[in-house]
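Read the structure below first, then the notes.
In what follows, chains carry the letters A, B, and so on, assigned in the order in which the sequence lines appear, proteins first and then strands, with residues in each chain numbered from 1.
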Protein chains: 2
Amino acid sequence: MKQTGDLHLMKRINKSIVMELIRHESPISRASIAEKTGLTKATVSSLVSELIESRLVDEIGAGESRGGRKPMLLLFNRTAGYAIGVDLGVTYITAVMTDLNGEIVNEVKIQHDNPPRDELIAELTRCIRELAERVPESAYGVVGIGIGIPGFADEEGNVLFAPNLGWEHVPLQRMLEDEFGIPVVIDNEANAGAVGEKEFGAGTRWPSLVYVSISAGIGTGIIIKEELYRGMSGFSGEIGHVSIQHDGKPCRCGNAGCWELYASEKALLDEAKEVYGQPRMKVDQLIRLAEEGDAKALALFDRLGRYLGIGIVNIINAFNPPAIIIGGRLAQAEAWLKQPLLEVVERRSLPYPRAQLEVQFSELGVRSTVLGACSFAISKFFSSTKVSVE
Amino acid sequence: MKQTGDLHLMKRINKSIVMELIRHESPISRASIAEKTGLTKATVSSLVSELIESRLVDEIGAGESRGGRKPMLLLFNRTAGYAIGVDLGVTYITAVMTDLNGEIVNEVKIQHDNPPRDELIAELTRCIRELAERVPESAYGVVGIGIGIPGFADEEGNVLFAPNLGWEHVPLQRMLEDEFGIPVVIDNEANAGAVGEKEFGAGTRWPSLVYVSISAGIGTGIIIKEELYRGMSGFSGEIGHVSIQHDGKPCRCGNAGCWELYASEKALLDEAKEVYGQPRMKVDQLIRLAEEGDAKALALFDRLGRYLGIGIVNIINAFNPPAIIIGGRLAQAEAWLKQPLLEVVERRSLPYPRAQLEVQFSELGVRSTVLGACSFAISKFFSSTKVSVE
DNA sequence: GAAAGTTTGTAAATTGATTAAACAAACAAA
DNA sequence: TTTGTTTGTTTAATCAATTTACAAACTTTC
């Protein structure tokens, strides 16, 4: 049944509102909080003193007077605790520790060759432990762990299906919570990337956005009104498998003409093999060639940009998001992709949705997933107090 | 700023929870409400007596004892007020009056030939007035008016753009509220249809669904977690203009190979013109031919069903909804469309999203939009008390 | 530089909706 | 007839917010 209203809930609501305001607009005075929230000064005073007592907020001295008594400024204590975020890739593990504002304080990276499940989990655990052992002295220590995985997870943090790891039904959240004794959140890498860009990167300006991650395949994370959209049972959309050519190349997914057959790293490298007649080219190599002005490479990126544009037009027409953020490994080819991509978007998308739309490339680069994972952990930490009412 | 918590909010939350429970599970006793909500019996008693006073709830006598005192059963008073819903079509207006449960008590239909704006609004006003004048004696009378329009509206009920009516920037909500003095809600016809099927039709079982309306073109309404998804600035998705063939037929929207070029009434009739060599065939005529076993007609519907399937696979892969409801005028050809459609879905969609998905045809037929419009009005009436907390 | 007016933040009294506890009424089962 | 259960109300206690009042600190104005 729904949450009912009582005094306890009321206080949680207000405390959460005050906390959010201090987190995002500090330094700020009690009077200013009262004005912005509509709460009385007395209530704000009382809630703030509890937040100070719980070490999440500090007083940092007086600010400028506006014609009366000087305000006492409050600051969010971003070092009251730390979060660990992990990008669990198919060939690598990246793990970072951030403060409660998402500022990185430590980082661990390893390569792996996709060993058996338990070995990989052991590697993962080692990475996390290494960071956890170096956590700075603080009120709450490590407040939680977030993991971005190349696959699907359900709400209980079970990895349902991660084809490129060869995993199916792995209760990763439970395993890690047993190991470390702190809250763990598991989600898809594109979802994590979307949250990363939304919180700390190119997407902070919009309440809703679609993040498109272009690496080996195409992944997407959709944020609607500040909240990650998850499809039924934890599977969010797989826009990479939307067909842009219904009678096109068959895809292993069962469909034909899937977008990611035309606009992914794999598509690019397959094309490159044809064009250059060399078997194993890499993206870095193509970027270097493009930098040198190599016509073939430039043509390849131009073509890729156009195909990206075609799928992005579909996203625009279907979702009408205020912003689209392009990330993933191929986002580093922004210089050559952006122009053809925008040209296709300009020409083909519906005028009304397009009017206020912005297409941006990732600001966090390879770190969007890890930082999103940290954000999961931080959000969970604050969600104990966070409640929303509309 | 966000809503803050105070005693008034607390009461609104609880009253709304109790009201919702009585609306959807009546007859129900106070004790049972207390048990299901977690509120104390005292609180429930107090709230219920206020609801009874406001005429929204009635006591209807004692129920069966479960080994003690007999419970007094409470009933939602669905005739405490009435809602008016309108389907404003390009060639017709359908308006209905329902009780607060969405049961139709009166209906008005007229045809029109798309006259100038002010004349059509006058027609619309006449339809509404005709219903409003016949409202049964009740506590609240007409509680609101909902309108489904063939175009886009913003949150303030301005019709931003309705190409087939030739309207742009019409403040319809304000005009009607000035005229009738009660709350008015304006939204897209597909959004209304989605809500109609969700509340009263084929979609009651799911918290989220995608409604696909196939008439002249293709419209869609997306409901996520009991809530209608609207894109930025009131434009929701136009999935009809997702391309299924990036190098296909050019569409007037600027894109190429749009789904609705292959899978709409217009597409069907264009094909029919080719096949039969007759210029102006109608859908009803084709359905009659199909009923008679006409091979050409059967082939046309089969082809249409497959193209519908292709777009629906895209919806499944992109949104992963638990249910897809197919409505609009062509939904009446379910008998011939369903088979080829499901066959394509079965063959082409990703196994994971598909696993628990259901594809259903409309239960309300031509009435999904009007009933959805009524639901808008009813929801607005109850939203004065309705608050959700998570 | 004194008076007047502002702004900040705290303190005390009041309000009001919920909970907890007690209870009366109505009923079934032993 | 007794016992125990269920329903719904009454009463007192609780507690977080509001209202009101006020002290402290500061700027502006004359």
Problem - All ring-ring contact (aromatic ring centres under 6.0 Å, His included) counterparts of A:Tyr140, not counting sequence neighbours - result: A:Phe381
Suppose we screen for side-chain hydrogen bond (donor to acceptor under 3.5 Å, both in side chains). Which residues come up paired with [X], at least two apart in sequence or across chains?
X	result
A:Asn77	A:Thr79
B:Thr43	B:Thr40
A:Asp99	A:Arg78
B:Asn106	B:Arg134

Handout entry: Residues within residues 49-59 of chain B bordering DNA chain D, heavy-atom distance below 4.0 Å
Key =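 Correct list: empty, so none.
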Handout entry: Any pair counted as salt bridge (charged side-chain N to carboxylate O under 4.0 Å, His left out), so long as it reaches residues 198-209 of chain B, sequence neighbours left out
Key =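 Salt bridge (charged side-chain N to carboxylate O under 4.0 Å, His left out) check on residues 198-209 of chain B returns B:Lys198-B:Glu226, B:Arg205-B:Glu358.
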Practice task
Can you run down the salt bridge (charged side-chain N to carboxylate O under 4.0 Å, His left out) pairs that involve residues 52-68 of chain B, sequence neighbours left out, and say none if there aren't any?
Solution key: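 Sorted result for residues 52-68 of chain B: B:Arg30-B:Glu59.
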Problem - Matching residue for B:Val143 among B:Ile182, B:Ile84, B:Leu100 - test: side-chain contact (heavy atoms from CB on, under 4.5 Å) - result: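 Checked B:Ile182, B:Ile84, B:Leu100 against B:Val143; only one passes side-chain contact (heavy atoms from CB on, under 4.5 Å): B:Leu100.
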Handout entry: Span of DNA chain C, from the first to the last nucleotide whose atoms fall under 4.0 Å of chain B heavy atoms
Key =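 The contact span of chain B on DNA chain C goes from C:dG16 to C:dA28.
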Problem - Inter-axis angle, terminal five-pair segments of the helix from C:dG1-D:dC30 to C:dA30-D:dT1 [nearest 10°] - result: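 It works out to 0° between the end axes.
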Practice task
Report yes if a side-chain nitrogen or oxygen of A:Asn14 is closer than 4.0 Å to either non-bridging phosphate oxygen (OP1 or OP2) of D:dA16; otherwise report no.
Solution key: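 No, because none of the side-chain N or O atoms of A:Asn14 sits under 4.0 Å from OP1 or OP2 of D:dA16.
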Handout entry: Separation of D:dG8 P from B:Ile33 CD1 (nearest whole Å)
Key =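 Atom-to-atom, B:Ile33 to D:dG8, this comes out as 9 Å.
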Problem - Basic-acidic side-chain contact under 4.0 Å: A:Glu25, A:Lys36 - result: yes
Exercise for the section: Could you list by number each residue of residues 24-32 of chain B showing a heavy-atom separation from DNA chain C of less than 4.0 Å, or answer none if no residue does? Expected result: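 Listed by number, there are none.
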Exercise for the section: Produce a footprint string for nucleotides 20-30 of chain D: one letter per nucleotide, 5' end first; B if the base is under 4.0 Å from any protein heavy atom, S if only the sugar-phosphate is, - if neither. Expected result: ---BBBBS---
